[in-house]
Amino acid sequence: MSNETQEKVRLDKWLWAARFYKTRALAKEAIEGGKVHCRGERCKPSKEPKVGDELVLRAGYDERTIVIEQLSAVRRGAPQAQLLYRETEDSVTAREHAAALRKAGALGIQTDGRPTKKQRRQIHRFKDQ
């Protein structure tokens, strides 16, 4: 790809080519939904990313901070797609820490399940008082 065409890549197309999303429509949806931030701000799907831009991508519980290394509008294999960006060290450690907490069950409330009939009656009596 020549340098002139590399500079004219849309953000949704680059995210699709870098294999963050399966389709351009999903990439566009994520950008419009505020799940992709460029330089700390929400952006539009038509934004033209530049080499060195920092993107923050949220998907589920994970948040990735990546730096654009190369531009491409062509979707290729995963090994080539990983050369398009570099994830920051802080982002990697934060994701690993969050995954370890999720695995340990630290996030969220652990209960014994649904209340029994007796417990439900007690709850209703307490609310009525």
Side-chain angles (χ1 to χ4, degrees):
M1 214 178 225
S2 68
N3 289 339
E4 292 176 12
T5 56
Q6 280 187 341
E7 293 176 6
K8 298 291 183 184
V9 177
R10 291 171 52 107
L11 181 60
D12 59 346
K13 199 168 194 175
W14 185 86
L15 288 170
W16 167 76
R19 293 184 168 261
F20 286 107
Y21 300 99
K22 286 187 177 186
T23 64
R24 277 185 64 189
L26 289 175
K28 181 181 177 211
E29 227 174 84
I31 295 168
E32 290 174 344
K35 305 225 184 298
V36 179
H37 290 218
C38 183
R39 295 186 216 118
E41 300 177 352
R42 285 180 70 165
C43 49
K44 294 183 178 181
S46 61
K47 177 171 179 37
E48 294 177 1
K50 298 180 180 88
V51 174
D53 280 357
E54 187 173 287
L55 300 176
V56 178
L57 308 170
R58 278 186 293 132
Y61 295 111
D62 294 331
E63 185 172 287
R64 294 175 177 227
T65 304
I66 62 164
V67 178
I68 297 175
E69 296 287 320
Q70 296 176 1
L71 297 176
S72 176
V74 180
R75 187 174 171 105
R76 296 209 169 99
Q80 289 88 10
Q82 289 174 348
L83 299 175
L84 297 178
Y85 64 92
R86 168 181 54 85
E87 188 171 2
T88 61
E89 293 297 323
D90 295 337
S91 173
V92 172
T93 55
R95 277 192 312 114
E96 289 173 353
H97 180 66
L101 287 177
R102 279 196 307 273
K103 190 173 183 181
L107 297 177
I109 300 169
Q110 297 291 328
T111 63
D112 294 332
R114 294 177 57 179
T116 63
K117 191 170 185 177
K118 182 179 179 182
Q119 290 170 337
R120 278 199 314 272
R121 287 180 183 153
Q122 290 172 342
I123 291 169
H124 290 301
R125 277 192 217 121
F126 179 74
K127 284 184 178 180
D128 290 341
Q129 290 179 352

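FYI, side chains are in, hydrogens and waters are out, and symmetry mates aren't considered; it's all heavy atoms of this structure. Numbering starts at 1 and runs along the sequence shown.
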Within 6.0 Å of NZ in K47, more than 12 heavy atoms from elsewhere: yes

Main-chain N/O of Q80 paired with R19 side-chain donor or acceptor, under 3.5 Å: no

Heavy-atom pair of closest approach, residues H37 and R42: NE2-CG, 3.7 Å

Where K44 and I31 come nearest, the two heavy atoms and their spacing: C-CG2, 3.6 Å

side-chain contact (heavy atoms from CB on, under 4.5 Å) between L55 and I68, worked out: CA-CA 8 Å; L55 300 176; I68 297 175; 4.0 Å; yes

Least distance between heavy atoms, A73 atom then W16 atom: O-CZ3, 3.7 Å

Shared hydrophobic cluster for L84 and V51 (ILVMFWY, side-chain gaps under 4.5 Å): yes

Within-4.5 Å side-chain heavy-atom neighbours: D62 and R102: yes

Any donor-acceptor N/O pair, D53 side chain to K50 backbone, under 3.5 Å: yes

side-chain contact (heavy atoms from CB on, under 4.5 Å) evaluation trace for S72 with V9: CA-CA 7 Å; S72 176; V9 177; over 6 Å; no

Criterion side-chain contact (heavy atoms from CB on, under 4.5 Å) on T93 and H97, from CA distance to verdict: CA-CA 6 Å; T93 55; H97 180 66; over 6 Å; no

Check: P45 and L11 side chains under 4.5 Å, non-hydrogen atoms: no

Test item: S91 and I66 side chains (from C-beta on) under 4.5 Å apart, heavy atoms: no

R76, CZ: over 12 other non-hydrogen atoms inside 6.0 angstrom: no

Aromatic ring pairing W14/F20, orientation class (parallel under 30°, perpendicular over 60°, tilted between): tilted

Main-chain N/O of E69 paired with R86 side-chain donor or acceptor, under 3.5 Å: no

Verdict with reasoning, Y85 to L57, per side-chain contact (heavy atoms from CB on, under 4.5 Å): CA-CA 12 Å; Y85 64 92; L57 308 170; over 6 Å; no

Flag, side chain of R121 to backbone of T116, donor-acceptor distance under 3.5 Å: no

